[in-house]
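For ligands, and for the atoms within them, numbers begin at 1 and follow the listed sequence. Quick note: numbers below take in every heavy atom, side chains included, and nothing from hydrogens, waters or symmetry partners. Numbering starts at 1 and runs along the sequence shown.
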Amino acid sequence: MGIFEGVIVKGIGGFYYVNTDNGVFECRARGVFRKRGFTPLVGDRVVIENSDSSHGVINEICERKNTLIRPAVANVTQLAAVVAKSSPSPNPYILDKLIASAEFVNLKIAVCFNKSDLDEDCALVDVYKNAGFNVIETSAVNDDGIQGLKDFLKDELTVFAGNSGVGKSSLTNKLLGAEVFETGSVSRKLERGRHTTRHSELVELPFGGYIIDTPGFSSFDINTIPLEELAETFREFAQFDEGCRFPDCTHRTEPDCSICNSVKSGMIAKSRHESYVQMYGEIKTARENIY
Ligand SMILES: Nc1nc2c(ncn2[C@@H]2O[C@H](COP(=O)(O)OP(=O)(O)OP(=O)(O)O)[C@@H](O)[C@H]2O)c(=O)[nH]1
Ligand SMILES: [Mg+2]
Ligand SMILES: [Zn+2]
């Protein structure tokens with residue numbers, strides 16, 4: 001028996017799988033965490049005490065560098081927001097919420113347009129390039145863009161997030177060079193994935209770094225961002241913010257708003273601004289229901 005440090009690579013039904021220098025241990029969290037309503041997350045660095053060669057208990061959770069709520073992970077350094085160029089076609093609102101939540105905790109971000117082999121034009125590619133994002137077009141079925149993706153991932157802890165069926169697990173397998181994760185199909189009629197991945201899982205990359213494959217989602221709550229800070233999570237707004245007429249301008253519909261004017265002149269993508277306005281409304285409503 002001993003004390004080991006490790007990282008939670010997976011959590012299922014109250015069991016946490018902790019990777020240590022002495023192998024993976026299936027652990028329960030000490031009751032005190034539950035009493036405090038504190039849930040261990042994939043990515044947490046922990047101290048465990050083992051009871052045999054494969055079981056133990058989590059005694060301590062080290063202080064987190066950051067927490068993402070959706071997907072629920074701790075200590076990641078980057079987000080790869082994965083969308084498919086088509087099948088399923090991207091939902092810009094969900095993508096923008098995901099990006100904003102990552103901007104809010106200062107993660108490095110890449111937007112990965114997967115399924116480039118389908119050769120579909122996707123207008124959103126330019127939207128995110130123009131907004132200043134690292135855009136990587138990939139295919140999990142040929143090697144398109146995989147080197148670019150590897151360059152982004154190397155030596156970082158990256159969470160892969162995005163809708164069901166976009167190819168997060170397929171890309172993970174591609175990067176690992178083995179069929180480690182189960183992949184599903186996309187319903188042609190509904191243009192929707194089948195929620196094949198049920199649990200987030202952290203894996204080490206053979207070329208350095210770690211990634212977390214996560215379950216796809218179809219909606220996304222975002223009321224952790226304070227309204228006053230929402231505009232800052234849309235990175236391209238800053239460069240066009242030349243001072244609005246009202247110092248407390250919310251950049252939605254006010255007259256002489258430099259952000260709204262930049263949308264009109266095409267400098268800021270309409271879809272990005274629409275997401276901002278919609279998120280603003282969503283957060284505001286959530287606030288009003290709390291107080
Ligand atoms: N043509 C093409 N198909 C792909 C590509 N990547 C994934 N697919 C297919 O898309 C489907 C869904 O892939 P998954 O890897 O299971 O998607 P996922 O994002 O992990 O989905 P969830 O686990 O449900 O969130 C599978 O049929 C894959 O074979 C790609 O680059 N090109
Ligand atoms: Mg998956
Ligand atoms: Zn404004």
Side-chain angles (χ1 to χ4, degrees), residues 10 42 70-71 79-91 94-95 98 112-120 122 125 136-146 148-149 159-176 178-188 190-203 211-220 227-228 230-232 234 236-265 267-268 272-273 276-277 280:
K10 190 163 65 166
V42 170
R70 196 83 176 267
L79 165 78
V82 186
V83 291
K85 290 185 86 171
S86 72
S87 179
S89 37
N91 177 329
I94 290 181
L95 176 59
L98 178 60
C112 178
F113 283 87
N114 191 38
K115 308 200 184 187
S116 62
D117 56 283
L118 296 181
D119 218 24
E120 299 271 349
C122 178
V125 171
I136 309 173
E137 295 176 65
T138 59
S139 168
V141 300
N142 58 37
D143 276 339
D144 228 14
I146 297 299
L149 184 58
V159 57
F160 275 37
N163 276 354
S164 177
V166 297
K168 299 176 296 296
S169 299
S170 304
L171 283 171
T172 305
N173 288 340
K174 185 91 192 166
L175 295 160
L176 295 174
E179 299 298 308
V180 176
F181 291 108
E182 195 191 336
T183 60
S185 56
V186 174
S187 149
R188 196 165 286 185
L190 298 173
E191 267 244 332
R192 233 188 264 152
R194 300 184 191 277
H195 294 281
T196 308
T197 304
R198 294 286 173 181
H199 309 281
S200 295
E201 184 161 351
L202 185 152
V203 286
I211 55 179
I212 303 176
D213 183 24
T214 68
F217 43 71
S218 41
S219 67
F220 204 100
L227 273 184
E228 315 69 56
L230 184 63
E232 289 162 36
F234 283 72
E236 71 274 38
F237 286 13
Q239 73 200 82
F240 298 109
D241 193 352
E242 280 150 6
C244 305
R245 187 204 296 182
F246 303 111
D248 58 351
C249 185
T250 64
H251 316 312
R252 290 178 296 166
T253 52
E254 291 92 337
D256 296 329
C257 163
S258 62
I259 301 300
C260 299
N261 289 342
S262 303
V263 177
K264 276 184 212 121
S265 68
M267 302 308 283
I268 292 176
R272 290 275 293 164
H273 186 248
Y276 167 79
V277 173
Y280 194 101

Fill in the blank from the handout: Note: SG(C257)-the Zn ion (ligand 3)-SG(C244) angle, rounded to 10 degrees, equals 110°
Exercise for the section: Under 4.0 Å from a heavy atom of L118: give me the atoms of ligand 1 that qualify, with their elements. Expected result: 1 (N)
Exercise for the section: Decide whether S185 and R194 meet the rule of one side-chain donor and one side-chain acceptor closer than 3.5 Å. Expected result: yes
Practice task
With the side chain counted from C-beta on, respond yes when L175 and F160 share a heavy-atom pair under 4.5 Å apart, and no when they do not.
Solution key: yes
Problem - Under 2.8 Å: N/O/S of S169 next to the Mg ion (ligand 2) - result: yes
Handout entry: Atoms of ligand 1, numbered as shown, that sit under 4.0 Å from any heavy atom of V166
Key = 17 (O), 19 (O)
Handout entry: Parallel, tilted or perpendicular, as decided by the 30° and 60° cut-offs, for the rings of F237 and Y276
Key = perpendicular
Problem - Verdict with reasoning, R245 to E254, per salt bridge (charged side-chain N to carboxylate O under 4.0 Å, His left out) - result: CA-CA 8 Å; R245 187 204 296 182; E254 291 92 337; over 6 Å; no
Handout entry: Atom indices of ligand 1 within 4.0 angstrom of S164 heavy atoms, with elements
Key = 21 (O), 22 (P), 24 (O), 25 (O)
Fill in the blank from the handout: Which atom of H251 is nearest the Zn ion (ligand 3), counting N, O or S only? It is ND1
Problem - ligand 1 N/O within reach of K115 N/O, cut-off under 3.5 Å - result: yes
Practice task
Would you check the N or O atoms of A140, main chain and side chain alike, for any that come under 3.5 Å of an N or O of ligand 1?
Solution key: yes
Problem - Minimum non-hydrogen distance to atom 15 (O) of ligand 1, winning option of G193, S87, S170, G145 - result: S170
Fill in the blank from the handout: Within 4.0 Å of some non-hydrogen atom of H195, the atoms of ligand 1 are 24 (O)
Problem - Distance-only N or O hit between ligand 1 and G167, under 3.5 Å - result: yes
Handout entry: Any N/O pair T197/ligand 1 closer than 3.5 Å
Key = yes
Practice task
Taking the side chain as every heavy atom from C-beta outward, state whether R198 and P215 have any atom pair closer than 4.5 Å.
Solution key: no
Handout entry: Distance-only N or O hit between ligand 1 and T183, under 3.5 Å
Key = no
Exercise for the section: Out of G216, S185, G184, indicate the one that has the non-hydrogen atom closest to atom 11 (C) of ligand 1. Expected result: G184
